[in-house]
Amino acid sequence: MSGRVIVITSGKGGVGKTTTNANIGTALAKMGKKVVMIDTDLGLRNLDLLLGLENRIVYTIVDVVEERCKLKQALVKDKKNPNLCLLAAAQTRDKTAVTEEQLKEICEKLQKDFDFILVDCPAGIEQGFQNAVAGASEAIVVTTPEMSAVRDADRIIGLLEAKEEIKSYKLLLNRYRPNMVNANDMMSVDDVVEILSAELIGIIPEDTGIITSTNKGEPIVNDEKSLAGQAYNNVARRIIGEDVPFLNLEEPKGMVAKMKKFFSNLIGKEK
Amino acid sequence: MDKGYIENGFIVDVSNANRTSEIIYELSRILDLPDAQCKKVCLKLGSVDLSATELTSIKALVESMNSEIEFINTSSNKTAQSAEELNIKVAVLENNVPTPEFDADQEKVNQELEKALDKIFGNENSEIKTFGQKKDIKELKEASLAAEDTINDSEEIKDETVNPESQMETVVVEEVKTDKNDVIEEAVQSTLFEETSEKSIYEKFNSELENANKIDGEDIKDIDYNLDDLRKSLRETEKLPTLYIQRTLRSGQSIKSEGNIVIIGDVNPGSEVIAKGDITVWGILGGIAHAGSDGNSYARIRALKMNAIQLRIGDTFARRPDSINIPYIQKTDTFVPEEASVRKKQIIIHKMHES
């Protein structure tokens, strides 16, 4: 078995790299794939929190690199899904504790046992980014429909194109708000795709549920009612090669539709 | 009173206990050890008044562990009467050594002594007496040899059981919050690192005994002095230097010390405190704390509020249960000081006013 190594990166911070990583990883694992997530954000780790695995971490990637434990010992199994593993970052060290070669070696070892290796990249384009990208052959660039995020994503795509190892990269548009786009207050999907001229792999709508799920340590894909959860599930299905149409994120218009929505909310069956 | 002598048995000294529940707790703790089974027991009950019913239940407890009460030693007339009704022999020990008197200051040392005795009870087959008694050198040597045996034993077991591949699988020990009396029922058995933690203690114990042997056998005073030392060495964290920190530890910060650590302030999640001795946090402990990092399982962790992600003492490991796995720190107005220590190779947290 030779697993696919996908780096999830963005350049700008706070656009949802870690959330994307946790959700895509969980969604892939739910489909029966063996998934390992590597947190390379040394010193500012968060992926463990989002998965609710903070209290299980004994060894980190730095312990593996410095040979205080075996790679298998450092993999933390998910609470619910045995297909899902996490290789946590060290909280008390900085980005220099791991080198590009070491990360590459870890990815190569993990490829034998896992279908997917998702690498969570830190913000920025410094050593942390270089490390995260080192072992990967595919990339997902996360961006939001804001000028600053799109500008940074452009910079990242430029850097990725310069790397020989990265065979393909896809764009993921996060925190999308259709009503703002309709009011011409936000860049539309087409605008972003046009600026970046990259293939789109998914559009995730803004969802307040993300905040709750982060606080609970429970990825939102486990909540099937949530629109963002469905969108992440679709992204995962596109990654394994399924042809899934994009979700209709438009709010229903007109009086009848509004009434329909009101009643469905009342009964608690959201469409 | 008659003079009693026991063979293939041991003395359980619960004369410091004031209530029946304490006696039963101590007894069940000691008798639960595998090597304490099928033995004859001398019970030192002290001045506690026990009715016949209470004594029957104590007897039943001892018998449920396949051991039997050989005789009891008590200074209470009521207990002696009850024992007579139940046909239990009341006697004093044959070598008629006065029981050491511990004053209030020594109570803590005494507790540690009890712990140390637990360890020995669990491993030695020959007759054992309390450390306070004036033993002769020969007995000391025997005890020393026996301790050596146990070290060898534990090393052998270690080789068999410690399998690096399986370690990660077994690092699942639920944190146990419990009252003292419920420890046995509620504690979750830890399977990891079982053998390793004991070894270093025995080594210390053994080396202290060797020192005692070197002293001329006739000078009993000197030997007694050394036995006192031995008692203290089991809780040697008191001798270590202490690092004193008066600020809040934030995520990513790490403090290591060769001795004890005292922190006046919070320890936020994401930070770690590692000490060879004890760790005391005057605030909320929300990060990772590792006391006795060189393998001393007698080290302790104390905090005004215990909210730690992970606790490690010596080679024992506990993590916060998922049910209260809240990623952010819980600020609070009510503080209940708690202390974590290792008992039966598991980390136990108890409220400090109960200890």
Side-chain angles (χ1 to χ4, degrees), chain A residues 18-19 22 36 39 41-60 62-64 67-82 85-97 113 122 128 210-219, chain B residues 162-177 190 192-193 249-257 267-274 285-290 293 306-313 315-330 340 347 349:
Chain A
T18 308
T19 314
V36 59
D39 193 348
D41 203 348
L42 277 83
L44 287 169
R45 71 173 187 205
N46 285 135
L47 192 52
D48 53 323
L49 275 182
L50 266 67
L51 295 160
L53 299 175
E54 192 190 14
N55 58 348
R56 286 168 163 75
I57 296 169
V58 176
Y59 295 118
T60 63
V62 176
D63 293 314
V64 176
E67 291 177 352
R68 276 192 293 273
C69 70
K70 289 183 182 173
L71 182 55
K72 270 187 186 162
Q73 286 176 294
L75 296 179
V76 184
K77 269 208 180 95
D78 187 58
K79 285 182 281 188
K80 289 180 181 163
N81 202 323
C85 284
L86 170 71
L87 179 57
Q91 181 70 335
T92 53
R93 302 293 290 272
D94 60 23
K95 313 278 190 258
T96 53
D113 297 323
I210 295 274
I211 297 167
T212 355
S213 83
T214 304
N215 287 347
K216 276 194 215 153
E218 177 79 42
Chain B
V162 176
N163 175 8
E165 291 293 329
S166 67
Q167 277 193 5
M168 266 317 288
E169 302 299 318
T170 49
V171 184
V172 182
V173 185
E174 290 292 338
E175 176 183 329
V176 182
K177 286 203 176 195
S190 151
L192 181 67
F193 301 131
L249 273 198
R250 300 199 178 269
S251 180
Q253 293 174 334
S254 167
I255 284 189
K256 276 184 193 170
S257 167
V267 175
N268 283 356
S271 59
E272 55 183 28
V273 188
I274 298 164
L285 172 55
I288 295 171
H290 190 172
S293 58
M306 197 72 91
N307 196 26
I309 293 162
Q310 278 176 15
L311 290 176
R312 303 170 191 164
I313 298 176
D315 298 323
T316 321
F317 169 100
R319 65 173 160 77
R320 187 164 63 187
D322 291 324
S323 52
I324 53 163
N325 193 12
I326 308 148
Y328 46 86
I329 214 165
Q330 278 184 305
I347 294 181
I349 297 177

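Here is how names work: the chains are called A, B, and so on, in the same order as the sequence lines, proteins then strands, and each is numbered from 1. What's counted below: heavy atoms across the whole structure, side chains too, no hydrogens, waters or symmetry copies.
- With rounding to the nearest 0.5 Å, the separation of CG in Leu311(B) from CG in Asn55(A) is 11.5 Å.
- The contact between Gln310(B) and chain A is made entirely by side chain atoms (from C-beta outward), counting heavy-atom distances below 4.5 Å.
- Rounding to the nearest 0.5 angstrom, the gap separating the OG1 atom in Thr92(A) from the CD1 atom in Ile274(B) is 7.5 Å.
- Remark: Ala89(A) engages Asp39(A), Leu42(A), Arg45(A) in a side-chain contact (heavy atoms from CB on, under 4.5 Å) (not counting sequence neighbours).
- Taking CZ of Arg319(B) as the start and CD1 of Ile57(A) as the end, the distance is 12.0 Å to the nearest 0.5 Å.
- By the side chain to side chain donor-acceptor pair (under 3.5 Å) test, Thr60(A) pairs with Asp63(A), sequence neighbours left out.
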Handout entry: Glu272(B) and Gln91(A): CA distance, side-chain angles, deciding distance, side chain to side chain contact (heavy atoms under 4.5 Å, CB included) verdict
Key = CA-CA 9 Å; Glu272(B) 55 183 28; Gln91(A) 181 70 335; over 6 Å; no

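- No more than 12 heavy atoms of other residues, nucleotides or ligands sit less than 6.0 Å from atom CZ of Arg250(B).
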